[in-house]
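Data block below; observations after.
Bear in mind the structure is a predicted one, so any value in this text is a computation, not a measurement. For the numbers below, each heavy atom of this structure counts, side chains included, while hydrogens, waters and symmetry mates do not.
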Amino acid sequence: MQMQDYPAFYREVYEKIMEKFTYEGNEPEEKARLRYLFHSQRTSIAALTPRPDAWNAWTTECIEKEDWSGLCRIINQRGKGDMMPVVYGGYNHEKNFHCMMECLVCGNVEAMERILPAELLQVKNSNNPFFPIAAHVLIGLWHRDGAVLAWAVPEAEAFLGKKKASQMEKAMIAFLLDLIGGDMEKGSEDLLAVCKGYMRNQKYVLGRRPFCTLAHGLYCLAQIVLPEEVFRKLKMPEYKNFLTGFALWRRENPDPDRSLWLRYPEELEVLNRIFEAPPAQVILWQPHLDSPHIKPKDRQDWYVHGVKWIDNYVDELWEMGACGE
């Protein structure tokens, strides 16, 4: 699909979602329509974005032209679709570490408090053991919280010995530990290992990109959390999926343009507002805490509360003026 074809595509998908909407008068109609849009189980908000092959084609075009500002805009808008709340919640937050790496690539540091909040330090259960380990270390590192790192670092070190973890997962965890320890010689080796592992890893939940966004996110993270003199000792990976020119440009442009790469037509302005807004705040809960039918050890498990995740976000978007008067 060509870029000029997307407006008609958006209208068709949006109309299909909204065709069964019935206004019940409990709140302003535009807000009710927004809530219905997010609650729809016929398709997700992410379906109102271009297909992955289109994003990858535009990404490749920006890389070839060395249009680094455009590349940031693409990464930012594409990532918004990956971070949209969904009604089923559950383990949906497990992609958020990867999402945060892409937020860092385009300078969206504000997303950290929303998609990887301190509340995630309570979460030990997971489908993929990589997520809580990586999230806990990153949260401790980001906030420079020694109390968190005192237990998160040993857990991360133990993770490096797991046989089932992929090379890329181990390299990412190792790099975070390098940042904590200030070892840039090993950090340079581990960042290169992330690039190499990215080519082989089959568990990357966000799908393939034309370059290793995860390594770039880690490199941007290093610039944020390290003293300048230490950061300068970190070597950029010399590997085909790491964009040296882009990394140099980002070093000099810490807050790049993050305006929408592809805008929605005027009659779907609400979608422009949604994709320009900050990501939804993660809402956690323990649904089995008092359940006698669940094993005691599983009653403590935490999940994303999909309904509250959506409803709180709709309230926030409304207050921000995402729709209505």
Side-chain angles (χ1 to χ4, degrees), residues 3 49-50 54-83 96-116 138-139 141-144 172 175-176 178-179 182 184 187-188 190-192 194-195 198 206 208-263 272-279:
M3 188 179 292
T49 66
W55 283 123
N56 286 341
W58 297 328
T59 298
T60 299
E61 182 178 352
C62 282
I63 292 172
E64 291 173 349
K65 294 180 178 179
E66 297 188 1
D67 178 5
W68 306 135
S69 179
L71 184 58
C72 283
R73 292 169 60 208
I74 288 172
I75 295 168
N76 182 64
Q77 186 172 354
R78 182 178 188 176
K80 291 292 180 66
D82 293 316
M83 294 184 286
N96 283 6
F97 179 86
H98 299 85
C99 287
M100 191 60 218
M101 290 302 105
E102 297 202 340
C103 287
L104 290 171
V105 172
C106 57
N108 184 11
V109 297
E110 294 82 3
M112 180 70 188
E113 303 295 336
R114 303 180 70 84
I115 68 173
L116 292 175
L138 178 57
I139 291 170
L141 176 63
W142 187 263
H143 295 287
R144 294 174 170 81
M172 293 181 75
F175 183 78
L176 294 176
D178 298 334
L179 295 183
M184 293 302 98
S188 301
D190 288 328
L191 194 59
L192 175 60
V194 173
C195 293
Y198 182 81
L206 298 185
R208 293 294 182 189
R209 279 30 173 175
F211 70 107
C212 187
T213 55
L214 300 179
H216 278 269
L218 290 169
Y219 188 77
C220 291
L221 173 66
Q223 184 176 10
I224 294 171
V225 302
L226 293 175
E228 177 67 19
E229 65 273 14
V230 178
F231 171 68
R232 290 291 177 178
K233 296 178 182 178
L234 178 63
K235 297 179 181 178
M236 294 185 191
E238 295 182 6
Y239 205 70
K240 55 189 176 181
N241 59 11
F242 190 86
L243 309 176
T244 301
F246 179 48
L248 289 171
W249 182 85
R250 276 289 285 112
R251 270 176 24 185
E252 303 303 320
N253 294 271
D255 188 25
D257 179 15
R258 290 184 294 277
S259 60
L260 295 184
W261 170 261
L262 187 62
R263 293 193 65 84
N272 289 321
R273 303 278 186 87
I274 290 172
F275 282 91
E276 288 171 338

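To the nearest 0.5 Å, atoms CG (Leu243) and CH2 (Trp68) are separated by 5.0 Å. Here Leu218 contributes atom CG and Met172 contributes atom CE; the two are 4.5 Å apart, rounded to the nearest 0.5 Å. Of the inter-residue distances, the one linking Asp178 atom CG with Leu234 atom CG reads 9.0 Å to the nearest 0.5 angstrom. Atom CG of residue Leu104 and atom CG of residue Leu138 lie 7.5 Å apart, to the nearest 0.5 angstrom. Remark: Leu71 CG to Trp261 CH2 distance equals 9.0 Å, nearest 0.5 Å. Atom CD1 of Ile75 is separated from atom SG of Cys106 by 6.0 Å, given to the nearest 0.5 angstrom.
You'll find the side chain of Leu191 stays beyond 4.5 Å of the side chain of Met236, heavy atoms only. Using a 4.5 Å cut-off on side-chain heavy atoms (C-beta onward), Arg232 and Arg251 make contact. For the pair Phe211/Thr213, a side-chain contact is recorded, criterion being any heavy-atom separation below 4.5 Å from C-beta on. Taking the side chain as every heavy atom from C-beta outward, Val194 and Cys212 approach each other to under 4.5 Å.
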| said: For a side-chain contact (heavy atoms from CB on, under 4.5 Å) check, start with the C-alpha distance between Met112 and Ile139, then their side-chain angles and the critical distance, and finish with the verdict. | reply: CA-CA 9 Å; Met112 180 70 188; Ile139 291 170; 3.9 Å; yes
| So Val109 and Trp142, side-chain contact (heavy atoms from CB on, under 4.5 Å) or not? Walk me through it. | CA-CA 10 Å; Val109 297; Trp142 187 263; 4.0 Å; yes
| message | Evaluate Asp190 against Lys235 for salt bridge (Lys or Arg N to Asp or Glu O under 4.0 Å), listing each step before the verdict. | response | CA-CA 10 Å; Asp190 288 328; Lys235 297 179 181 178; over 6 Å; no
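With hydrogens and angles disregarded, no donor-acceptor distance shorter than 3.5 Å links the side chain of Glu102 to the backbone of Asn76. Of the possible polar contacts, none joining the Lys233 side chain to the Ser188 backbone as a donor-acceptor pair under 3.5 Å is found. Side chain of His98 to backbone of Leu206: no donor-acceptor contact under 3.5 angstrom is found. Counting only distance, with no hydrogens or angles, the side chain of Gln77 and the backbone of Leu262 share a donor-acceptor pair below 3.5 Å. A donor-acceptor pair under 3.5 Å is formed between the side chain of Asp67 and the backbone N or O of Gly70. Asn253 contributes no side-chain N or O that, together with a main-chain N or O of Asp255, makes up a donor-acceptor pair within less than 3.5 Å. Judged by distance alone, with hydrogens and angles left aside, the side-chain atoms of Arg263 form no donor-acceptor pair with the main-chain N or O of Asn272 at under 3.5 Å. The backbone N or O of Ile74 lies less than 3.5 Å from no partner atom in the side chain of Trp55, so there is not a single donor-acceptor pair. The backbone N or O of Leu260 sits less than 3.5 Å from a side-chain atom of Arg73, completing a donor-acceptor pair. A donor-acceptor distance shorter than 3.5 angstrom exists from the side chain of Arg258 to the backbone of Gly107, with no hydrogens or angles considered.
A ring-centre distance under 6.0 Å is not found for Tyr198 and Phe242.
There is no side-chain donor-acceptor pair under 3.5 Å between Arg250 and Tyr219. A donor-acceptor contact closer than 3.5 angstrom links the side chains of Asn56 and Arg78.
Of all heavy-atom pairs spanning Asp82 and Arg209, the tightest one is OD2-NH2, 3.2 Å. Listed here is the closest heavy atom pair of Ile224 and Arg144: O-NH2, 3.8 Å. Closest of all the heavy-atom pairs between Val105 and Cys220 is CA-SG, 4.2 Å. For Trp249 against Pro256, the heavy-atom pair with the smallest separation is CH2-CB, 3.7 Å. Among all heavy-atom pairs drawn from Phe175 and Ala222, the shortest one is CZ-CB, 4.2 Å. Scanning both residues, Leu226 and Met184, for their nearest heavy atoms gives CD1-SD, 3.6 Å.
With respect to the salt-bridge test (charged N to carboxylate O, under 4.0 angstrom), the residues Glu110 and Arg114 do not qualify.
Ring geometry for His216 against Phe246 counts as tilted: the plane angle lies between 30° and 60°, on a 0 to 90° scale.
Heavy atoms from other residues, nucleotides or ligands lying under 6.0 Å from CD of Glu229 number more than 12.
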